Every structure is written in C-alpha cells, then in structure tokens.
Amino acid sequence: AKARGGNLAEVYRRGPDDRDPERLALESALHHAIERDELFLCYQPQVDLASGRIVGAEALMRWRRPGHGVVPPDRFIPIAEQTGRIVPMGAWALETALATTRGWLAGELALAQISVNISAREFLRPDFVRQVETMLHTADVAPQRLTLELTESMLMDDAEGAVRTLAALKALGVRLALDDFGTGYSSLSYLRRFPLDVIKIDRSFVRDIAVDASTAAIVDATIRMAHSLNLDVVAEGVETEAQLAELAARGCDQAQGYLFSAPVPAEDLAALLRSDPPW
Ligand code: C2E
Ligand code: CA
Ligand code: CA
Ligand code: CA
C-alpha cells in the first residue's frame, strides 16, 4: 500500500495501518483467495552441484488477484501472517505441493525432494505435526521426500517447544531446512540443539560471494561447519556462473536461482524434469 500523504518512514514507525483502505481491501480479497481458486504454486528447481541434476524443487506461493495481476508473496504473506489467514493458506500450499509431487512421481519424473515454506503461525499450532502426517498419508508421498523450510525466528521464541516439534517431525521422517541462514542471530553452535537436515545460505551472501573476500570467507566457514554437523547446504539466489563456481569450490551441495531457473508453474517444472539435466 502506498503511504497516504507521504512520509514512508512515518508509516513504518507506526507499523502497518489497519485502517488503511488499500490494506483493508487487500485483506478482504485475500480472505477469499483460496475458495476463489486464486492461489497457485510455482516451483523452483534445486540442483545438485556434483551431478548437475535436479534433485528437488521449492514450492513458492503466488496470488492471482483479480484486477491486480499476480501479487508477489512479499506483498501478501506478511498480511496473511498478521491476520492468521496464513494457516489455511499454508495448509493449501502443503496439500497442493504434495498432490503435484505425487503426480510427478506417478509419471515417473524423478524428483527426490519437495520443499515447502512454513510460517511461524502454522509451526506453532499444536496440531501441526499431525496435520503434516495426515497430508503425507492422503497424498501418498513418502515423508522422506518432504522438506519443510523454517526460519530461525520461529525456533528461537520458544526453543524448547521448537525442539519438541522438530523432533516429532523428524520422527515422521520429514526433512527440516533452516531458511535464510545468516540473516538472523544464528550461530552454528545453537544449531546443534535443533535436529535439522539442511541449511539454506541466504541470497545476500550468494550475491557478494564472487566479489567480496570476507563474504566468501563466511560462506566457506558456514559450509565447513554445516558439514561437520552433518547438514546439507543449499545456496539460494544463484544468478551467475561466477557465484556457482565459488559455491562449488567450497563444497556447497545444492543451488537454486535464476542461473538455473526462476520459479515456474508445475507443467514447466515437469518439462525441466523430463529433460534433466537441462543445462
Ligand atoms: P524464500 O523462501 O527465501 O524464497 C526465495 C525467494 O527468492 C523467492 O521469492 C524466489 O522467487 C526468489 N529467488 C529465487 N531465485 C532467485 C535469484 O536467483 N535471484 C533473486 N533475486 N531471487 C531469487 P518469492 O517467490 O517472491 O518468495 C518470497 C518469500 O515469500 C519467500 O522467501 C518466503 O519467505 C515467502 N513465501 C513464498 N511462498 C510461501 C509459502 O507457500 N508459505 C510461506 N509461509 N511463505 C512463502
Ligand atoms: Ca524458502
Ligand atoms: Ca530463503
Ligand atoms: Ca527470504
């Protein structure tokens, strides 16, 4: 929403304005997005750096808002989180991603992993683990194929509760990834407490890795420590061959980014899988 009468800094200081008519309109339109079939998922391939093959895909939500085109998640996810709408939307995303994955597997398209982003509002619900279990069962997808992408802020608020939830998800067989690694207060030492499988190096590090020696050193140390903790490392936002080369030289396991493919509709990902490796 545009700031009314001007000063953006002022608006940010007050926080989101609940009475902003544009925001209210967005909120109420979002409220009906699922039942009106306006949400869809795009999928971005995750490429194994050793083989060059697609080993996974991250599902990313899109909203086709009538009269407004496709609204990017940065515009509507924060609002959905504030209103709680993210809970049914997240459930829809998980269900849809799993059903699509089932379809790919049935068509013998080799996709080892499907990654789905989870927000704090979903993760903190007491029935979250059971819901994931039920959805996996309904979609007939092996839990080992599902990776849930979490952020550290949702783990840190109640670390003990988070450890319990993560342990229950691990017991199901689901894989757990820590998204946006390096942007919060994470130190790899606290990661020992959480039963994670993957860390995703934030795109801000990837952006500078080929031009800034200290960024490269941080990524290097991150990958070494992650590997010593038995975690896989996925780099996100890889756009250039130079970035890819720096990551590969440091032993990064997987990468995703525009260099390989932007997030694409399900049919397009299926085409990429059929021609794997397409690059
Ligand atoms: P994220 O999970 O960190 O997702 C990565 C974002 O980077 C995606 O933005 C993706 O399109 C973008 N990206 C991928 N490759 C490149 C690249 O090479 N260069 C650049 N500049 N960007 C790249 P997107 O799809 O706009 O999603 C933004 C954020 O919205 C996501 O960040 C995630 O936090 C959230 N989000 C998206 N879908 C969902 C969802 O289903 N549930 C929840 N809870 N959050 C979601
Ligand atoms: Ca993510
Ligand atoms: Ca991320
Ligand atoms: Ca992000």
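When a ligand or atom number is given, it counts from 1 through the structure's own listing order. Since the structure is predicted, the reported quantities are computational estimates derived from the model, not experimental observations.
Atoms CZ and CD1, on F194 and I199 in that order, are 14.0 Å from each other to the nearest 0.5 Å.
Not a single heavy atom of Q256 sits under 4.0 Å from any atom of ligand 1. The closest approach between G90 and ligand 1 stays at or above 4.0 Å for every heavy atom of the residue.
Set against the non-hydrogen atoms of E239, the atoms of ligand 1 under 4.0 Å away are 17 (C), 18 (O), 19 (N), 20 (C), 21 (N). Short contacts between ligand 1 and G257, defined as distances under 4.0 Å to a heavy atom of the residue, involve ligand atoms 15 (N), 18 (O). Of all atoms in ligand 1, numbered sequentially from 1 with element shown, those under 4.0 Å from a heavy atom of I77 are 39 (C), 43 (C), 45 (N), 46 (C). Applying the 4.0 Å criterion to heavy atoms of D180 picks out, from ligand 1, the atoms 3 (O). Atoms of ligand 1 lying under 4.0 Å from any heavy atom of S119, numbered from 1 in the order shown and given with element: 44 (N). Near E236, meaning under 4.0 Å from any of its heavy atoms, are these atoms of ligand 1: 3 (O).
Remark: ligand 1 and L259 share no N or O pair separated by less than 3.5 Å (distance only, no angle test). The N/O atoms of E81, backbone and side chain alike, include none that comes under 3.5 Å of an N/O atom in ligand 1. Looking at ligand 1, you'll find an N or O of N117 within less than 3.5 Å of one of its N or O atoms. In terms of polar-atom proximity, defined here as any N/O pair under 3.5 Å, E149 makes no such contact with ligand 1.
With distances taken over non-hydrogen atoms, the option nearest atom 40 (C) of ligand 1 out of M61, R121, Q44 is M61.
At a heavy-atom distance under 4.0 Å, only backbone atoms of V238 (N, CA, C or O) approach ligand 1. At a heavy-atom distance under 4.0 Å, no atom of V116 approaches ligand 1. Of all the heavy atoms of E58, the ones lying under 4.0 Å from any atom of ligand 1 belong exclusively to the side chain. When non-hydrogen atoms are compared, ligand 1 lies under 4.0 Å from the side chain of R62 (C-beta onward) but not from its backbone. Only the side chain of P263 comes within 4.0 Å of ligand 1, counting heavy atoms alone; its backbone N, CA, C and O stay farther away.
Taking all atoms of both residues into account, the shortest heavy-atom contact from L94 to L148 is CD1-CD2, 4.3 Å. Shortest non-hydrogen contact noted between A262 and P45 is O-CD, 4.3 Å. The heavy-atom pair separating A59 from N117 by the smallest distance is O-ND2, 3.4 Å. Scanning both residues, A162 and L155, for their nearest heavy atoms gives CB-O, 3.6 Å.
Screening L244, I209, I223, T222 for a side chain to side chain contact (heavy atoms under 4.5 Å, CB included) involving C252 leaves a single residue, I223. When each of T101, V116, V141 is tested with L146 by the rule side chain to side chain contact (heavy atoms under 4.5 Å, CB included), just one qualifies, namely V116.
Inside a sphere of radius 3.0 Å centred on the Ca ion (ligand 2), the protein N/O/S atoms present are E58 OE2, N117 OD1, E149 OE1, D179 OD2.
A side-chain N or O of Q113 and one of R175 form a donor-acceptor pair less than 3.5 Å apart. Residues T183 and D180 have side chains that never bring a donor and an acceptor to within less than 3.5 angstrom of each other. A donor atom on one side chain and an acceptor atom on the other are not found under 3.5 Å apart for E236 and Q256. In this structure, a donor-acceptor pair under 3.5 Å is present between the side chains of H227 and D253. Checking Q82 against R121 by side-chain atom types alone, no donor-acceptor pair falls below 3.5 Å.
With salt bridges taken as basic N to acidic carboxylate O contacts below 4.0 Å, none links R53 and D48.
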key: Step-by-step ring-ring contact (aromatic ring centres under 6.0 Å, His included) determination, W92 to F40   = CA-CA 9 Å; W92 171 87; F40 63 103; 8.6 Å; no
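Applying the side-chain hydrogen bond (donor to acceptor under 3.5 Å, both in side chains) test to every pair with at least one member in residues 159-168, sequence neighbours left out, gives no pairs at all.
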